[in-house]
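Letters go in sequence order (proteins before strands), and every chain restarts at 1.
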Amino acid sequence: MTVEIRTTGVKPIRNTFSHLAKRFGDKNATRYQESAYDIQPLVNFHYKPLWDPGRDLYDVRRTAVVMKDWYALKDPRQYYYGAYTITRAKQQDALDRQLDFVEKRDLLRILPAAARHQLVNALVPLRHYEFGANLNNSHMAGYGFGTAYTQAAMMNCMDRLGMAQHLSRIGLLTDGNTGESLTEGKRQWMEEAAWQGVRRETENQFVARDWFELHVAQNLVADGLVYPLFYQQFDAAFAAQNGSALSSLTDYLMRWYEETSRWVDSVVKTAASESPENAKLISEWTVKWRDVWVTALKPAAEAALGDKAGEALATVTTAFNIKAGKLGLKL
Amino acid sequence: MATNSTQPVFIAFQDNNDTRPIIDAIMADNPNAKLNEMPALVKIDCPGRLVVKRETISEMAGRDFDLREIYINLISLAGEVDESEDEFVLEWKSK
């Protein structure tokens, strides 16, 4: 007796949705493509929104930037809901272990009182900066155009809550969970002269209407200066005096910043390379916000870093200018 | 070291969402490679030499990729293997 083993292939009539086939050809689409491209409705809006009767619910005219295809602003990390939540959950696990390590050994509480104050004054007020960034990214997600962009902005928005929480937990490690550091951080943010510049610009961003300008102001410029200044420069200066306990906690903030920069930079680069008009507009926004942020950060840097502040801020600004140049902006 | 052999090498993966960036990367890096899609598996044939590059896969997948991850969905391969952190090369070296 012979047994014949035969395989039969059944060819599917179509491999993907027709709107994806139109963009990428009729082949299997990735999860990211399925969840990002052409998801936002474009037609058949029955009513104008009451809060903006001159425009549609989703309207390209909410920014001065012009794109032929808004879905060119894709996320190089290819985050859709699943990939994003799985990545963040893994990172949160690692972060919890790190915080546990510091808490069990009381690494921040055993620092001298002066060092603890320095840490609280320099880092804890930044939780309010993160809340501001949360609000700003929620504006970009709400008024932006194209799911490829808006879904990434929404994820960034959620990330900011995590960042604010992480900074709060660093504060709580210094005061033994009494919450004193958070009260002091809020007071610093509201009252101390050193923080008023950062607070003013964070709040100025709340009233910027153009969502792409806000993306440039918040995610490219402000983060591009604040993150390296505090989590690299301040962190290094603090570690030189007090050991590296704090660095083990700020490390994640920098890694998050580097990861998120891939998205932020790619959006700016793609939009700037679309047309000379876009490049000019984005360059102007970048210069405008860079100048106000460098001025605003000066007193905060001086309070945190003392006489090293000038040098630290210059290093950070130079690095930012080089990065912006690589993105096709003229500063 | 370039090989003169034009003997075919091949690599076959399960056809799923995880291998898509790997396959795309291989096809981008090897102009002579031929893609054969079969039920539930994808076989890539290439004369002489086939290279799998970590960097290209990272770019396609949008994340850091450890080359050893290819073993999870690897079905079969033919050729002598030369493996480093950045490249996985298949070729017939003798003659």
Side-chain angles (χ1 to χ4, degrees), chain A residues 5-17 20 23-37 73-91 94 148-149 151-152 155-156 252 255-256 258-267 269-270, chain B residues 8 10-46 50 52-78 85-88:
Chain A
I5 300 173
R6 221 192 296 178
T7 57
T8 311
V10 181
K11 283 261 176 266
I13 297 173
R14 54 166 79 198
N15 288 305
T16 184
F17 300 107
L20 293 177
R23 282 181 183 277
F24 307 108
D26 186 22
K27 55 179 190 183
N28 288 330
T30 65
R31 303 261 158 85
Y32 174 69
Q33 288 169 342
E34 284 179 357
S35 69
Y37 286 89
L73 303 181
K74 59 178 195 264
D75 180 356
R77 302 166 301 174
Q78 301 185 25
Y79 278 165
Y80 56 95
Y81 181 83
Y84 167 71
T85 47
I86 291 167
T87 311
R88 290 290 181 263
K90 268 191 211 150
Q91 290 166 337
Y149 177 81
Q151 74 171 353
M155 288 166 194
N156 190 289
Y252 176 65
R255 274 190 292 138
W256 174 84
E258 278 155 21
E259 182 223 270
T260 302
S261 291
R262 286 170 55 205
W263 165 64
V264 174
D265 296 355
S266 130
V267 166
K269 193 175 177 181
T270 310
Chain B
F10 79 79
I11 191 162
F13 291 103
Q14 294 184 46
D15 184 11
N16 61 34
N17 206 47
D18 294 335
T19 54
R20 211 151 289 144
I22 306 176
I23 292 158
D24 288 346
I26 296 174
M27 295 310 291
D29 286 334
N30 301 277
N32 294 326
K34 260 181 90 164
L35 188 69
N36 294 308
E37 289 180 80
M38 300 175 199
L41 84 92
V42 175
K43 181 165 172 267
I44 301 170
D45 296 293
C46 189
L50 182 137
V52 186
K53 287 188 184 159
R54 184 182 61 81
E55 208 184 328
T56 322
I57 304 178
S58 288
E59 204 178 294
M60 300 273 180
R63 65 182 174 89
D64 282 341
F65 189 88
D66 185 334
L67 257 193
R68 288 172 297 181
E69 285 179 55
I70 66 171
Y71 291 116
I72 299 171
N73 292 295
L74 182 65
I75 295 174
S76 178
L77 55 82
E85 248 179 41
D86 295 320
E87 279 191 350
F88 179 97

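Across all their heavy atoms, A:A29 and A:L20 have their closest contact at CB-CD1, 3.7 Å.
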(message) Does B:L50 form a side chain to side chain contact (heavy atoms under 4.5 Å, CB included) with B:F88? I'd like the steps, not just the answer.
(response) CA-CA 8 Å; B:L50 182 137; B:F88 179 97; 6.0 Å; no

(message) Let's go through B:F13 and B:L74 carefully: what are the C-alpha distance in whole Å and the side-chain angles of both, what is the deciding distance for side chain to side chain contact (heavy atoms under 4.5 Å, CB included) to 0.1 Å, and is it a yes or a no?
(response) CA-CA 5 Å; B:F13 291 103; B:L74 182 65; 3.8 Å; yes

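With a 4.5 angstrom heavy-atom cutoff, B:A40 does not touch chain A via any of its atoms.
For B:F10, the CZ atom is densely surrounded, since the number of other residues' heavy atoms within 6.0 Å is greater than 12.
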Enumerate the inter-chain donor-acceptor pairs under 3.5 Å for chain A and chain B, one line per pair.
residue, atom, partner, partner atom, Å
A:A29, O, B:R20, NH1, 3.3
A:Q78, NE2, B:M60, O, 2.5
A:R262, NH2, B:G62, O, 3.3

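When each of B:I22, B:L35, B:I26 is checked for a side-chain contact (heavy atoms from CB on, under 4.5 Å) with B:V42, only B:L35 meets the rule.
With respect to chain A, the highest number of heavy-atom pairs below 4.5 Å among B:P21, B:A61, B:P39 belongs to B:A61.
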